[in-house]
Number of protein chains: 2
Amino acid sequence: MKTSDYKKKIKEAGLRITPQRIAVMEALLRNSHPTAEKIIENVQKEHPNIAIGTIYNILDTFVRLNIITRVNTENSVTRFDPVTERHHHLYAVDIKEIEDYYDDKLTKLILDHLKKCNIPDFKVKDFKLQLIGEFIGKKEK
Amino acid sequence: MKTSDYKKKIKEAGLRITPQRIAVMEALLRNSHPTAEKIIENVQKEHPNIAIGTIYNILDTFVRLNIITRVNTENSVTRFDPVTERHHHLYAVDIKEIEDYYDDKLTKLILDHLKKCNIPDFKVKDFKLQLIGEFIGKKEK
DNA sequence: ATTCGTGCAAACCGTTTGCAAGGGA
DNA sequence: TCCCTTGCAAACGGTTTGCACGAAT
């Protein structure tokens, strides 16, 4: 995502472009599905004067305006994802790591199935697949 | 689930059957994917003397021993599920409600797809599908 | 001038922890 | 007796809130 892209996204949501929001967004883009804690650490490394409350505030605003999304994890640690388009997630069993997983064929497969066999009393608007497992091989960082 | 079933489950996990554990388990079975708060409220209605810490303790133990599972939600409220077999979930968009959704055909569809088109550097051990949408029609309570 | 956004710090609240007492096996 | 389990209460930690100041329109 180019810098101008997310700035546009913020502006289109009716928000002002501020150094704080830029810093938060860049922390989101630099990390993979970061926790709030990670974002705070990341932001404050370069901008020690940005308040924690402000960062939470910005994250809330972004989520509310669909600029980013919350990611579900089992251990009640909130994570954030700057990608709002439909995609799936790979979860390391210990949930130390989450990666994006794009698979249009699979998405279509599920979509078709859901369309065919209607679920009674429930109207599906979106779906997310969580693949839980282990990352194998190369592991930097 | 019959009473004896979960008692057996608890015993087989190497735990003693205690009134506290029975109360927690029955609260789990009486409610659909309850939050800890809901469970506490439910348990204390009949057993006002059971401590909150004990309830959290029991829930943790149950999860650790795979007697129940944690359910992911986006708003960082932990929910619990006494069903440990593979199944999917229907999420109300506002996450006020979660229902179980069994669909073996869909499960198999996904399983087959995953088997066929291997994901590089990742070994899938389990998966969960979250269907987000709206419950329509009948709605008591 | 008015609205929006930020910094700061206190408050909040769900959850965890430590410890002493109770109760089965 | 020994170990598991509970009750209690204090502590913890991530998140939220209130408010006054500052910046943008």
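Chain naming here is simple, since letters A, B, ... match the order of the sequence lines and numbering starts at 1 in each.
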Separation of atom CD1 in B/Ile52 from atom P in C/dG14, rounded to whole Å: 9 Å
d(CD, B/Glu41; C1', C/dG14) in whole Å: 15 Å
A/Gln44 CD - C/dT6 C1' separation (whole Å): 13 Å
Contacts of type side-chain hydrogen bond (donor to acceptor under 3.5 Å, both in side chains), residue A/Arg16, not counting sequence neighbours: none
Under the side-chain contact (heavy atoms from CB on, under 4.5 Å) test, residues paired with B/Tyr102 that sit two or more places apart: B/Val83, B/His87, B/Asp100
Atom-pair distance (CD1 on A/Ile58; C1' on D/dT16), nearest Å: 15 Å
Using the 3.5 Å cut-off, write out each protein N or O paired with an N or O of nucleotides 17-25 of chain C and the distance between them.
none

side-chain hydrogen bond (donor to acceptor under 3.5 Å, both in side chains) partners of B/Lys11, counting only residues at least two apart: none
Strand-adjacent residues in residues 61-68 of chain B, judged by heavy atoms under 4.0 Å from DNA chain D: none
Counterpart residues, side-chain hydrogen bond (donor to acceptor under 3.5 Å, both in side chains), relative to B/Thr107 (two or more places apart): B/His88
Residue A/Ala51, side-chain atoms from C-beta onward, closest of D/dG7, D/dG14, C/dG7: C/dG7
5' priority, DNA chain D, between B/Ile17 and A/Ala36 [closest heavy atom]: B/Ile17
Separation of C/dC13 P from B/Ile40 CD1 (nearest whole Å): 14 Å
Between D/dC3 (C1') and B/Leu15 (CG): distance, integer Å: 14 Å
Pairwise side-chain contact, B/Arg21 with B/Phe62, heavy-atom cut-off 4.5 Å (strictly under): yes
Atom-pair distance (CZ on B/Arg21; P on D/dG7), nearest Å: 11 Å
4.5 Å side-chain heavy-atom contact, A/Phe122 and B/Ile136: no
Spacing of CG belonging to A/Asp60 relative to CD1 belonging to A/Ile68, to within rounding of 0.5 Å: 9.0 Å
Under 4.0 angstrom between A/Thr18 side-chain N/O and C/dT6 OP1 or OP2: yes
Test item: B/Ile132 and B/Tyr91 side chains (from C-beta on) under 4.5 Å apart, heavy atoms: yes
Side-chain touch A/Phe127/A/Leu114, heavy atoms, less than 4.5 angstrom: yes
Whole-Å distance separating the CD1 atom of A/Ile50 from the P atom of D/dG22: 18 Å
